[in-house]
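What follows is a set of notes on a single structure, which appears directly below.
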Amino acid sequence: MKHVLVIIILCFLAPTAFAKAWQSVQMTQSHITFVSTQMGVAVPGKFSRFTAQVHFDTDAPQKDSAVVTVDTASVSAGGTEVDETLKGKDWFDVQHWPQAQFVSRRIRMLGNGRYAADGVLSIKGRSHEVEIVFAANSSAAGLVLDGDLPISRTAFGVGGGQWADPSVVADVVKIHFHVVVQ
Amino acid sequence: MKRQDASHYSLPAIMLHWLMAFMILGLFGLGLYMSNLPLSPRKLQLFAWHKWAGMLVLALWCLRIGWRALHQPPALPGGMPAWQERIAGMTHWALYGLMLLVPLSGWLMSSASGFTVVMFGKWPLPNLLAANHALGETLKTVHHVLNYAFMGLVGLHVLAVIQHQFLLRDGLLQRMLPEARV
Ligand code: HEM
Ligand code: HEM
């Protein structure tokens, strides 16, 4: 957790050094959604509460960073019964694991307005290295970051017990984020 | 229109009648059973099977109505009062109507509820309506109400067959069974 703090602090200090950096996340315009596959049917869901600290300079990505913290209890995927199940022990176990977090280690420029963020994703106390490929486009609202991250839900212990069978709920869940920074 | 053998339905008509009858009776049972289950992988599986089988009934309906349009059924056994013949005719057409409307209402409900029907988990069918939660709930009620009407009519239909078989003993059931060739 210590380096998370360091990164967060750096995010606040950075603008003095890099005037051009984008870092004020517009929460009302940003969202985190996901698509799971149930019996072959794509079913959308979302996390309505999260915080994001982003420091992003399109020209100097090596200094960039992102920390995204998701309030797991804000999950929804189409109906109260589903939502309550997702908050329960087999899925996000929000009582014990109220937060999920992504902390970037480095951000690489891929060209054509595309970037890759390498970092660690932690859900339910399990951490795995992930690579998030995202696009950065400027718009009137600010810089729009759109990224996708397919994850193996079972690698994080999300959907255990009777739900482990990937033939009903597929193992791969596609997370999508849309973050607007100014 | 081709006139069928005076005393029997044609073999395709017979096969379609019984195949669909068994599927529909199974779908009544499955539908009632699955909707009361708590959320579980089993429930998602049964919902998917229900939808797949229901959509197959819809496909078979198209075949059946095509066949029916080109082939006149055998004339009803003599000696039935005119009002009974009228009721028999009306019941049969109402059954054809419900065999279409029940699966169609299911497909509409699924579409409006935001769940694409994906045949056998592989082939997505078009959504007939845009996702709209309130409309989905209304269509669920429509699916239920049409089903109760359908069950009622099938009950009436079976009672009529029983009456013919055991009270009138006019061999009506034989007309819907493959002809014994002697
Ligand atoms: C001939 C075809 C069908 C029959 C006889 C049938 C029959 C039924 C019955 C009896 C129920 C339970 C009603 C209740 O709980 O009161 C039901 C529920 C349901 N049916 Fe069908 N169905 C058919 C086709 C379909 C199709 C094609 C779909 C979707 C593509 C579908 C989707 C559903 C769903 C989602 C439910 C559960 C609704 C709920 O949450 O309660 N059905 N069906
Ligand atoms: C879901 C169940 C069923 C449906 C939807 C259904 C539907 C129909 C329809 C639409 C016809 C009229 C065919 C025509 O003349 O165009 C028919 C005829 C017939 N059905 Fe069914 N049926 C069902 C179940 C049954 C069952 C369980 C039996 C037996 C107990 C049965 C026995 C018959 C017989 C004997 C006829 C011929 C009547 C005649 O000769 O005019 N059906 N059925």
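Each chain gets a letter, A, B and so on, in the order the sequences are listed, and its residues count up from 1. The basis for the numbers below is simple: all heavy atoms, side chains too, and nothing from hydrogens, waters or symmetry mates.
A 6.0 Å sphere centred on NE2 of B:His133 holds no more than 12 heavy atoms belonging to other residues, nucleotides or ligands. Enclosure of atom NZ in A:Lys87 by more than 12 non-hydrogen atoms of other residues, nucleotides or ligands within 6.0 angstrom is indicated. For A:Lys46, the NZ atom is loosely surrounded, since the number of other residues' heavy atoms within 6.0 Å does not exceed 12. In B:Tyr96, the OH atom is crowded: over 12 heavy atoms of neighbouring residues, nucleotides or ligands sit closer than 6.0 Å. Taking a 6.0 Å sphere around CD of B:Glu85, one finds it holds more than 12 heavy atoms contributed by other residues, nucleotides or ligands. A:Arg108 CZ: more than 12 foreign heavy atoms inside a 6.0 Å radius.
Nearest heavy atom pair, residue A:Val82 against residue B:Leu39, reads CA-CD2, 3.7 Å.
Only the side chain of B:Lys43 comes within less than 4.5 Å of a heavy atom of chain A; its backbone N, CA, C and O stay farther away. At a 4.5 Å heavy-atom cutoff, the contact between A:Gln38 and chain B is made by side-chain atoms alone. For B:Ser40, the parts lying near chain A are the backbone and the side chain together; criterion is any non-hydrogen pair under 4.5 Å.
For the side chain to side chain contact (heavy atoms under 4.5 Å, CB included) test with B:Leu44, the passing option among A:Val41, A:Val43, A:Val168 is A:Val168; the others fail.
Counting heavy atoms from C-beta outward, A:Met39 and B:Trp52 have side chains that approach closer than 4.5 Å.
Most heavy-atom pairs under 4.5 Å with chain A: of the set B:Thr116, B:Val118, B:Val117, this distinction falls to B:Val118.
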